[in-house]
There are 2 protein chains.
Amino acid sequence: MFIQIEPTSEIPIYTQLANQLIELIASGAIKASEALPSVRSLAADLGVNMHTVNKAYHELEKKNIIEIIPKSGAIINSISANGPTDMQMDLIKLHLKPLIAESIVYGMDKEQILSITSSIISEITEG
Amino acid sequence: MFIQIEPTSEIPIYTQLANQLIELIASGAIKASEALPSVRSLAADLGVNMHTVNKAYHELEKKNIIEIIPKSGAIINSISANGPTDMQMDLIKLHLKPLIAESIVYGMDKEQILSITSSIISEITEG
DNA sequence: CATTCTGTTCTAATATCATTATAACAGTAA
DNA sequence: TTACTGTTATAATGATATTAGAACAGAATG
């Protein structure tokens with residue numbers, strides 16, 4: 001499990017962790033029905049508190065990305081074949097919009113924005 | 001100035017404000033060399049504290065989107081003709097990556113992601 | 001020149017969030 | 001039965017976010 005936490009980042013540790021787990025799933029490095037490490041073991045590996053990891057896992061569960069089985073562990077849900085739900089789509093757009101607006105203000109045009117988006121997708125899916 | 005603040009949002013007020021100002025600039029609703037309202041008047045309009053607006057303005061100044069002239073006011077910088085600086089580009093990518101990874105996990109493919117990105121750009125630039 | 005407006009700075013209080021630390025509990029797996 | 005699991009509870013600490021009030025000094029305006 002290749003995860004790197006930066007304790008001094010302005011991004012909360014549990015968010016960094018959730019984001020990196022999402023990237024690992026998106027890349028295929030972790031696959032559906034596989035189990036995530038226990039909150040205690042991952043916390044020990046990363047040098048953070050158990051509750052911090054637990055919080056990250058519950059964030060992923062809220063997004064329907066993993067399923068937490070009480071007193072047992074967490075397993076990864078399969079990637080939706082139907083695409084995102086309306087709610088998922090709305091949240092993605094909500095967070096995407098300010099970033100795109102910022103890109104425009106920085107002087108990027110439509111082609112440039114689509115180009116870096118495309119390159120990030122390749123970066124994730126092709127490693 | 002069409003700005004809507006949701007006090008109960010999990011997104012801090014100063015971030016909501018900064019984001020909406022960025023969108024107004026990206027859309028052309030506010031143009032370069034125009035002055036932003038004073039922190040006191042905008043705070044009164046929005047029903048928030050002066051310091052909250054001041055914080056939003058300084059966020060925009062850190063991003064080189066506006067220039068704050070001490071004891072005078074804030075004016076909007078012109079959109080960069082050279083495109084983003086390396087630092088600006090890196091930050092955009094850093095924040096874009098987890099969103100794109102999340103989209104992939106939700107079952108979106110490359111074309112769908114590029115499609116909604118394109119639609120958001122149109123939404124911003126064409127109103 | 002005097003008034004008003006401006007951002008700046010300071011202190012202060014409150015609320016929320018993030019993180020860590022222990023500890024105990026109850027279900028699961030070996 | 002033993003070890004491991006997520007759950008829950010309490011507590012403390014530090015950082016943020018927000019509001020409030022006040023004073024200061026430069027800028028704009030009449």
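Letters A, B, ... mirror the listed sequences (proteins, then strands); counts begin at 1. FYI, side chains are in, hydrogens and waters are out, and symmetry mates aren't considered; it's all heavy atoms of this structure.
Annotation: side chain of A:Lys97 is in contact with side chain of B:Glu123 (closest heavy-atom distance under 4.5 Å). Residues A:Ile66 and A:Ile75 have side chains not in contact (no heavy-atom distance under 4.5 Å, counting atoms from C-beta outward). Contact of the A:Ile124 side chain with the A:Ile121 side chain is not registered, since no non-hydrogen atoms from C-beta on lie closer than 4.5 Å.
Between B:Gln16 atom CD and D:dA17 atom C1' there is a gap of 12 Å when expressed in whole angstrom units. Rounded to whole Å, the distance from CG on B:Asn49 to P on D:dA17 is 14 Å. With rounding to whole Å, B:Leu17 atom CG is found 14 Å from D:dA17 atom C1'. Put simply, CD1 on A:Ile5 is 14 Å from P on C:dA18, counting in whole angstrom units. Rounded to whole Å, atom C1' of D:dG21 lies 9 Å from atom NE2 of B:His51. Between the NE2 atom of A:His58 and the C1' atom of D:dT7 there is a distance of 8 Å, given to the nearest Å. Distance CD1 (A:Ile69) to C1' (D:dT7): 15 Å, rounded to an integer number of Å. Residue A:Tyr57 contributes atom OH, which lies 10 Å from atom P of D:dT5 at whole-angstrom precision.
Listed by residue number, A:Arg40 are the residues of residues 30-45 of chain A with a heavy-atom contact under 4.0 Å to DNA chain C.
When B:Ile79, B:Ile65, B:Thr85 are each tested for a side-chain contact (heavy atoms from CB on, under 4.5 Å) with A:Tyr106, only one passes: B:Ile65.
To the nearest 0.5 Å, atoms CG (A:Leu24) and CG (A:Asn19) are separated by 11.0 Å. Of the inter-residue distances, the one linking B:Leu96 atom CG with A:Ser103 atom OG reads 6.5 Å to the nearest 0.5 angstrom.
Here A:Lys55 does not reach the OP1 or OP2 of C:dT19: none of its side-chain N or O atoms lies under 4.0 Å away. Neither OP1 nor OP2 of C:dT19 sits under 4.0 Å from any side-chain N or O of A:Tyr14.
Of the residues near DNA chain C, A:Ser72 and A:Thr15, the one whose nearest nucleotide (by heavy atom distance) lies more toward the 5' end is A:Thr15.
Nearest to the side-chain atoms of A:Thr52 among the listed nucleotides D:dG26, C:dT9, C:dT19 stands C:dT19. Distances from the side chain of B:Pro12 to the nucleotides C:dT8, D:dA17, C:dT20 place D:dA17 closest. Nearest to the side chain of B:Lys71, among C:dT6, D:dA17, D:dG21, sits C:dT6.
Using a 4.0 Å cut-off between a side-chain N of Lys or Arg and a carboxylate O of Asp or Glu, B:Glu34 and B:Lys31 do not qualify as a salt bridge.
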